[in-house]
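Inspection log for the structure reproduced underneath, given as structure tokens.
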Amino acid sequence: MKLWSQYFIPTLKESPADAEIASHKLLIRAGLVRKLGGGLYTYLPLGLRVMQKLTQVCREEMERAGAIEVWMPHVHPAEFWMQGPRWTAAREIMFRADSAGDGKRGPKEPEFVLGPTHEEIITPLVRAEITSYRDLPKNFFQIATKFRNEIRPRFGLMRAKEFVMMDAYSFDVSDEASIKSYLAMKAAYEAFFRRIGAQAIAVEADTGVMGGSYSHEFMVPAEVGDDDVIYNEASGYAANREKATSALVPKELADAAPAGTLEEFATPGVVTIAALEAAPYSVPADKQFKTLVYIGDGKPFLVVLRGCDELEEAKLGTLGFGVFRPATAEEIEPVMGAKPGSLGAVRGTIKNPGALAGVFADHAIRLIGNGTTGANKDGFHLRNVNVTRDLAVTKFGDFRRVRAGEPDVKSGQPLQVRRGIEVGHIFKLGTKYSEKFGAAYMDDQKQNHLMEMGCYGIGISRTLQAIIEQSHDADGIVWPWNSAPFQVLICVLDPQMAEAMDLAKKLAAAAERAGAEVLIDDRAERPGVKFKDADLVGIPLRLTIGGKGLKEGVIELKWRSAKDVAKVPVAEAEARVAAAVAEAQARAHANG
RNA sequence: CGGGGUGUAGCUUAGCCUGGUAGAGCGCCUGCUUUGGGAGCAGGAGGUCGCGAGUUCGAAUCUCGCCGCCCCGACCA
């Protein structure tokens, strides 16, 4: 039991100017956190209590799923990362942790980095400690601070430079066993989000810089989310924007027979899809080929899409390049023979085809049949371009961005799009890291094999804010029972009345015996202030003890999530409070 | 890193265009009154106007540079 007057809950009437979204404003106004700098926050007592709640539920669910808790350093010798498979890609987001001196001691390359995640640390550990199939499977997790030098921290805790994450790493003897671990974690995640009262859904996701074979993201639907979820409610299909695909191109699509002769025509000044759509050319965007030049690991490659489609850059990750980026105009001309706007992938028109690492075409261009593309000659295009006959395609793939309304691959019904906050992510990694670090085990036939890995993350601090985003009203936060910093708030309107305070303490004890945590508002404030703060802070169950009520022999019982107020006779109050707590716990247990 | 915005008391801000005493509300302190949905009156403390140059007799205000913060884009839990 805590007394508000002795505790520290600095609430604010007005929102700070730098908060835009509801959950960010409420985090500050309800006194949960304070900002130190961009993406850096101090957790005040109330914020810390919520964090501890989430952490504990997370720990319980991980352990229930068979994972084992460890604690790894946050300062990593950089050589672990240099030995790993993603140093080039990951180093930009890592803080370096050299001496804070004036640079005389500081080497050019970092000696230490702050850990953004821990694959590079856990894999060498397991390599050294586990060598027999008898010791597998193993799944290690920790709940700790992560450091990422985010280019743009956002929305309070939503994307911070320093944040709390649960990260877990599974090691298995085989692909099948690894899938089992993966599914166990997926179930544990679902249990975790259910218990803390967050509505999170699992969606198929891209593996990104993590590498590996497949993954799911856990998304909390919210308008302010950073990610688009593409889904169809009926079929159950759900994927994030980077991964989403559709049945736009039928599987059995027969390529049209070549039609017409390849023909060059002058298009002076035309360098955009839109300009070619306009008169006098009038070529619809879905009959144009869009040719993009990228640089992958230093070598240029082409991506061909329909003129009406957008490239989903993340999908280029499937091509196997370590890093890739759009080519500059200066890089393009020597390879292609023309400036951007007149490019094409027609055989024989590319100036220096030998320089290319490949020509990758989106499946959807097969829908074009007879189309138009750049001639690799400034001011000229080619018409009657046929995919199979004319284009120098190395490989077809899915590179386009899916749009709402396209047919779902599962049901053929239209796909929908909504925004979401990514609160968790699970990856089946395969042997990407175990191979790099030599994490192998010996089987019962004395054969050595690489371990099959998985890695799993939950953004605990981000989840905290996502809950607020999902559960608030005009007056403040509405905490789910299991996430609340306290479950019961006792508002004593006349704290100078000994009778009122005595009753408050008795009720607090009853609520505590029933398993709740109690905060008593004993401040010498007017009732209006206390009620406003109570709504703002959002503790699920509020008991009000006032001089007026006591004269009538009643106290009030009110749920934060409901409007109605129940008057309870003082004589029955202890029993009623205990029953209310028990009921809330049962409800929280049943549906989160 | 590119684009846009912004910086005045602990918080929210006015003043800046058109240079001349830095103002309000909330919060805080003292007193009196009030006491069931962010009270009233009276008194008070609190400011290098983000930092640095420049223009000027004089700069919160005009000019230049830097920095912080916020929003949009790429990345992520």
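Computation of the quantities below employed the complete heavy-atom set of this structure, encompassing side-chain atoms and omitting hydrogens, waters and symmetry-equivalent molecules. Proteins come first, then strands; the chains are lettered A, B, ... in the order of their sequence lines, and each starts at number 1.
Considering only side-chain atoms of A:D535, the nucleotide from B:G38, B:G37, B:U35 that sits closest is B:G37. Of the candidates B:A77, B:C75, B:C70, B:A77 carries the atom nearest the A:R148 side chain, counting heavy atoms from C-beta on.
Judged by distance alone, with hydrogens and angles left aside, A:R29 brings a side-chain donor or acceptor within reach of the base of B:G38, the pair sitting under 3.5 Å. The base of B:C75 is paired with the side chain of A:R159 by a donor and an acceptor separated by under 3.5 Å. A donor-acceptor contact under 3.5 Å is not formed by the side chain of A:E525 with the base of B:G38. Residue-to-nucleotide contacts include no donor-acceptor pair under 3.5 Å from the side chain of A:R152 to the base of B:G4.
When all heavy atoms of A:C58 and A:I458 are compared, the pair lying nearest together is SG-CD1, 4.2 Å.
In this structure, A:E69 pairs ionically with A:R59, as a charged nitrogen and a carboxylate oxygen lie closer than 4.0 Å.
As judged by a 4.0 angstrom heavy-atom cut-off over every strand, A:R523 is placed among residues making no nucleic acid contact. At the heavy-atom level, A:G547 lies nowhere under 4.0 Å from the strands shown. Contact annotation for A:A160: base contact, defined as any heavy-atom pair under 4.0 Å involving a base atom. At the heavy-atom level, A:I458 lies nowhere under 4.0 Å from the strands shown. Using a 4.0 Å heavy-atom distance criterion, A:Y189 is classed as making no nucleic acid contact. No contact: A:K530 has no heavy atom under 4.0 Å from any strand.
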Protein proximity profile, nucleotides 9-15 of chain B - base contact B, sugar-phosphate-only contact S, no contact -, cut-off 4.0 Å on heavy atoms: --SSS--
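Rounded to whole Å, atom P of B:G38 lies 10 Å from atom CZ of A:F531. Per the geometry, CZ belonging to A:F218 stands 17 Å off C1' belonging to B:C76, to the nearest Å. If you measure from atom CD of A:E242 to atom P of B:C75, you get 6 Å, rounded to the nearest angstrom. For the pair A:L464 CG and B:A77 P, the computed distance is 18 Å after rounding to whole Å. Straight-line distance from the NZ atom of A:K563 to the C1' atom of B:G37: 15 Å, rounded to whole Å. We find that CZ of A:R325 is positioned 19 Å from P of B:A74, with the value rounded to whole Å. Going from atom CD1 of A:I21 over to atom C1' of B:C71 covers 12 Å, rounded to whole Å. One can place CZ of A:R241 at 15 Å from C1' of B:A74, the figure rounded to the nearest angstrom.
A ring-centre distance under 6.0 Å is not found for A:F140 and A:Y169. Here the two rings, on A:F301 and A:F321, have centers that are under 6.0 Å apart.
With sequence neighbours excluded, no residue satisfies ring-ring contact (aromatic ring centres under 6.0 Å, His included) with A:F192. Scanning for ring-ring contact (aromatic ring centres under 6.0 Å, His included) contacts around A:H74 gives A:W71, with sequence neighbours left out.
Place A:E20 and A:E150 on RNA chain B by their nearest nucleotides, and A:E20 ends up nearer the 5' end. Residue order along RNA chain B, read from the 5' end via each residue's closest nucleotide, puts A:T544 first among A:T544 and A:G38.
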task: Report the secondary structure of RNA chain B in dot-bracket form, marking unpaired bases with a dot and bases paired to a different strand with |, and treating Watson-Crick or G-U pairs with both distances under 3.5 Å as paired.
output: (((((((..((((......[..)))).((((((.....)))))).....(((((..]....))))))))))))....
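Side-chain contact, A:S215 with A:E217: no donor N or O sits under 3.5 Å from an acceptor N or O.
Against RNA chain B, the stretch residues 492-503 of chain A makes heavy-atom approaches under 4.0 Å through A:L493.
More than 12 heavy-atom neighbours from other residues, nucleotides or ligands sit within 6.0 angstrom of NZ on A:K558.
Using cut-offs of 30° and 60° for the angle between ring planes, the A:Y456 and A:Y182 rings count as tilted.
Here A:F163 packs flat against the base of B:A77; its ring centre is closer than 5.5 angstrom to the base's six-membered ring, tilted by less than 30 degrees.
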Heteroatom pairs (N/O) under 3.5 angstrom, protein to nucleotides 40-45 of chain B:
none

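Contact check for A:H216 versus A:H425: no side-chain heavy atoms found under the 4.5 Å cut-off.
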